[in-house]
Amino acid sequence: MPTTTPHHTVPGSTGTTERPPAAVDRELATIVAGNASLLRAIAVRILRGSSDADDVVQETFIAAWTHLDGVRDADAVTAWLVTTVRRRSFDRLRSAAVRYRTELDDSVATCTEDAPGAVAERTSLVAAVQRVLDGMTPAQRRCWELRHLEHRSYAEIADALSLPQSTVRGQIARARAVIAGALVLWR
């Protein structure tokens with residue numbers, strides 16, 4: 001299979017020119033160096049300090065590398081990157097929410113009785129728990145999810161969220177107290 005040199009638009013020009021791979025790599029390195037901290041800050045803020053932020057930023061730079069030839073204006077690069085990292089972060093949040101809701105739904109004990117009242121009660125309990133989780137602070141919720149839905153240890157949670165273990169234990173304890181208080185009628 002023949003290898004071809006990619007065509008990349010030189011920022012500020014109107015046509016395409018042959019760009020050697022080394023020039024493209026240098027251009028991408030300049031873009032990464034100039035925008036990495038901004039993009040990571042945006043991703044961390046949207047993803048609530050999640051470890052997914054680095055993955056989203058990396059995916060954004062990969063997209064930039066593959067779409068670099070479409071950039072006509074050097075000033076537009078940052079705007080494009082910010083928009084891309086925001087969209088990918090929100091996509092990641094949506095997919096995580098669906099995954100956690102599914103895991104929460106699956107973790108509710110199945111009742112041998114399929115009577116409409118039992119089904120309605122289980123559905124109401126899941127909805128009540130979901131409302132409580134949605135009302136938690138992002139740190140509490142993420143710590144609780146990692147501990148109780150992903151069954152991670154305190155050390156693993158601390159590493160994943162870049163927090164001290166004592167903070168993780170405190171967040172989980174507060175989350176448990178919130179859940180216990182809000183669901184007292186379900187006991």
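If you read the sequence from its start, that first residue is 1, and numbering goes on from there.
Listed for the Thr167 side chain is no donor-acceptor partner under 3.5 Å among the backbone atoms of Leu163. Side-chain atoms of Glu156 come within 3.5 Å of backbone N or O of Ser153 as a donor-acceptor pair.
Residue Glu150 is tested with Arg147, His148, Arg152 for a side chain to side chain donor-acceptor pair (under 3.5 Å); the sole match is Arg152.
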Pair Val168-Leu146, side-chain contact (heavy atoms from CB on, under 4.5 Å): steps then yes or no: CA-CA 10 Å; Val168 169; Leu146 290 173; over 6 Å; no

Evaluate Leu81 against Val77 for side-chain contact (heavy atoms from CB on, under 4.5 Å), listing each step before the verdict. CA-CA 6 Å; Leu81 289 169; Val77 172; 3.8 Å; yes

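Considering CD1 of Ile179 and CZ of Arg176, their distance stands at 9.0 Å, rounded to 0.5 Å. From Ile172, atom CD1 reaches atom CZ of Arg141 across 14.5 Å, with rounding to the nearest 0.5 Å. Atom SG of residue Cys143 and atom CZ of residue Arg169 lie 11.5 Å apart, to the nearest 0.5 angstrom. Ile42 CD1 to Thr84 OG1: the interatomic distance, rounded to the nearest 0.5 Å, is 10.5 Å. Atoms CD and CD, on Glu145 and Gln140 in that order, are 11.5 Å from each other to the nearest 0.5 Å. Asn35 contributes atom CG, which lies 3.5 Å from atom OG1 of Thr78 (distance to the nearest 0.5 angstrom).
Side-chain contact check for Gln171 versus Thr137: some heavy-atom pair is nearer than 4.5 Å. Within the 4.5 Å cutoff, the side chain of Gln58 has no heavy atoms near those of the Asp54 side chain.
Shown here for Ala158 and Pro164, the closest heavy-atom pair between the two residues is CB-C, 4.2 Å. Taking each heavy atom of Val85 and Ala43 in turn, the nearest pair found is CG2-CB, 4.1 Å.
In the hydrophobic cluster analysis, where Ile, Leu, Val, Met, Phe, Trp and Tyr join through side-chain heavy atoms closer than 4.5 angstrom, Phe90 is grouped together with Trp80.
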